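For clarity, every value in this text was computed on a predicted model and none was experimentally measured. Numbering of ligands and ligand atoms starts at 1, following listing order.
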Amino acid sequence: MKGVNIGILAVQGDVAENVSATRMAMDELGIEGIVSEVKSPDQIADLDGLVIPGGESTVIGTLSLVNGSLKKIKEKIASGMPVLGTCAGMILLSKKAKDKVVGEMEQPLLDYLDIRIERNAFGRQKDSFEAEISLEKIGIPAFRGVFIRAPSVLEAGKNVEVLSKIDEKIVAVKQGNIIGTSFHPELTEDLSLHKYFLTLVQKKG
Ligand code: GLN
């Protein structure tokens with residue numbers, strides 16, 4: 001089997017941390033392949049899996065819309081490509097997002113995850129925190145969640161699997177091959193979520 005081709009969307013946000021977490025997860029699982037930063041529709045077209053990092057969802061969305069990447073990611077999702085979206089990445093994957101303080105605002109979204117998101121649901125930068133959560137449904141009983149200006153999921157459609165909650169707020173979801181988390185798995189030493197994402201990529205291949 002040829003190696004897998006994993007891209008980290010490199011528009012803005014914690015790109016480098018995701019490159020290294022994905023690379024380490026691949027090495028530990030003994031999966032052959034490459035992990036690279038991707039930006040253009042052409043680079044995205046060749047991928048077997050994509051990670052959309054945390055950062056600022058309005059910036060990542062707007063720049064990806066302008067250069068045509070958003071459309072290409074939508075096509076790839078429709079063809080079954082697994083995607084891991086963390087924090088701003090989950091916001092981008094959603095169908096609907098509003099900000100806790102600012103309210104409704106037009107922002108480009110991938111319109112896939114059947115969820116309604118509240119951005120900055122836990123407050124602003126100063127309210128960032130870490131918490132022990134469980135992702136039992138995907139075989140990860142304990143995980144340290146790093147929440148930075150984190151969103152939460154207010155509502156999830158029937159086809160969405162809720163993977164984790166914190167104080168009744170949904171913080172991790174899965175729909176088909178797409179995973180979204182409110183927290184930043186790339187900012188911990190624990191590679192289990194990146195590993196799980198890679199197993200989805202392998203199954204698809
Ligand atoms: N609050 C940011 C947004 O709405 C997301 C924060 C993050 O990715 N750490 O885009």
Side-chain angles (χ1 to χ4, degrees), residues 6-22 37-39 49-67 69-70 73-74 77 83-133 135 143-156 160 163-167 169-175 178-191 193-194 197:
I6 307 292
I8 314 298
L9 189 64
V11 177
Q12 184 268 339
D14 51 358
V15 176
E17 293 85 345
N18 270 296
V19 171
S20 93
T22 309
E37 297 187 9
V38 295
K39 225 180 255 180
L50 174 71
V51 178
I52 308 180
E56 179 50 49
S57 59
T58 52
V59 174
I60 302 174
T62 305
L63 295 176
S64 302
L65 175 72
V66 170
N67 83 349
S69 300
L70 216 57
I73 298 171
K74 276 190 198 183
I77 289 176
V83 180
L84 170 63
T86 74
C87 205
M90 175 169 78
I91 297 171
L92 276 173
L93 286 162
S94 74
K95 281 186 179 292
K96 214 166 168 36
K98 71 163 181 69
D99 188 274
K100 189 178 178 69
V101 179
V102 183
E104 299 289 340
M105 50 188 284
E106 286 297 311
Q107 74 178 102
L109 298 173
L110 286 161
D111 197 25
Y112 179 81
L113 284 176
D114 189 12
I115 55 177
R116 195 158 65 82
I117 293 244
E118 183 171 65
R119 295 176 55 205
N120 301 301
F122 298 92
R124 298 275 158 187
Q125 192 81 26
K126 66 173 174 39
D127 304 309
S128 299
F129 63 98
E130 293 192 17
E132 202 65 47
I133 57 160
L135 298 159
F143 196 87
R144 186 103 196 123
V146 177
F147 295 80
I148 305 168
R149 293 187 301 119
S152 80
V153 176
L154 295 176
E155 265 175 65
V160 177
L163 300 180
S164 190
K165 283 187 185 179
I166 182 168
D167 298 338
K169 288 188 159 95
I170 300 172
V171 293
V173 293
K174 178 172 185 287
Q175 181 180 338
I178 312 299
I179 308 163
T181 69
S182 296
F183 50 89
H184 290 263
E186 71 285 1
L187 297 183
T188 59
E189 305 277 287
D190 190 340
L191 299 173
L193 198 55
H194 283 78
F197 161 68

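- Taking any N or O of Thr86, backbone or side chain, none lies under 3.5 Å from an N or O belonging to ligand 1.
- At the top of the distance list for atom 4 (O) of ligand 1, counting protein heavy atoms only, stands Arg119 NE, 2.6 Å.
- Atoms of ligand 1 lying under 4.0 Å from any heavy atom of Ser57, numbered from 1 in the order shown and given with element: 3 (C), 4 (O), 10 (O).
- Using a 3.5 Å distance cut-off with no hydrogens or angles, the side chains of Asp190 and Thr188 do not pair a donor with an acceptor.
- Under a 4.0 Å criterion applied to the non-hydrogen atoms of Glu56, ligand 1 contributes the atoms 10 (O).
- Polar contact check, Gly55 against ligand 1: a nitrogen or oxygen pair lies under 3.5 Å apart.
- Across the listed options Gln12, His184, Gln107, His184 owns the non-hydrogen atom lying nearest to atom 9 (N) of ligand 1.
- For Thr62 and Gln107, the side-chain atoms include no donor-acceptor pair closer than 3.5 Å.
- Of all protein heavy atoms, the one closest to atom 7 (C) of ligand 1 is Cys87 SG, 2.7 Å.
- The contact set between ligand 1 and Asn120, taken as ligand atoms under 4.0 Å from a residue heavy atom, comprises 1 (N).
- Between the Ser94 side chain and the Arg116 main chain, no donor and acceptor come within less than 3.5 Å of each other.
- Checking only distances, Ile91 never comes within under 3.5 Å of ligand 1, N or O to N or O.
- Close approach of ligand 1 to Gly54 (heavy-atom distance below 4.0 Å) involves ligand atoms 8 (O).
- Contacts with ligand 1 closer than 4.0 Å are made by no heavy atom of Asp99, backbone or side chain.
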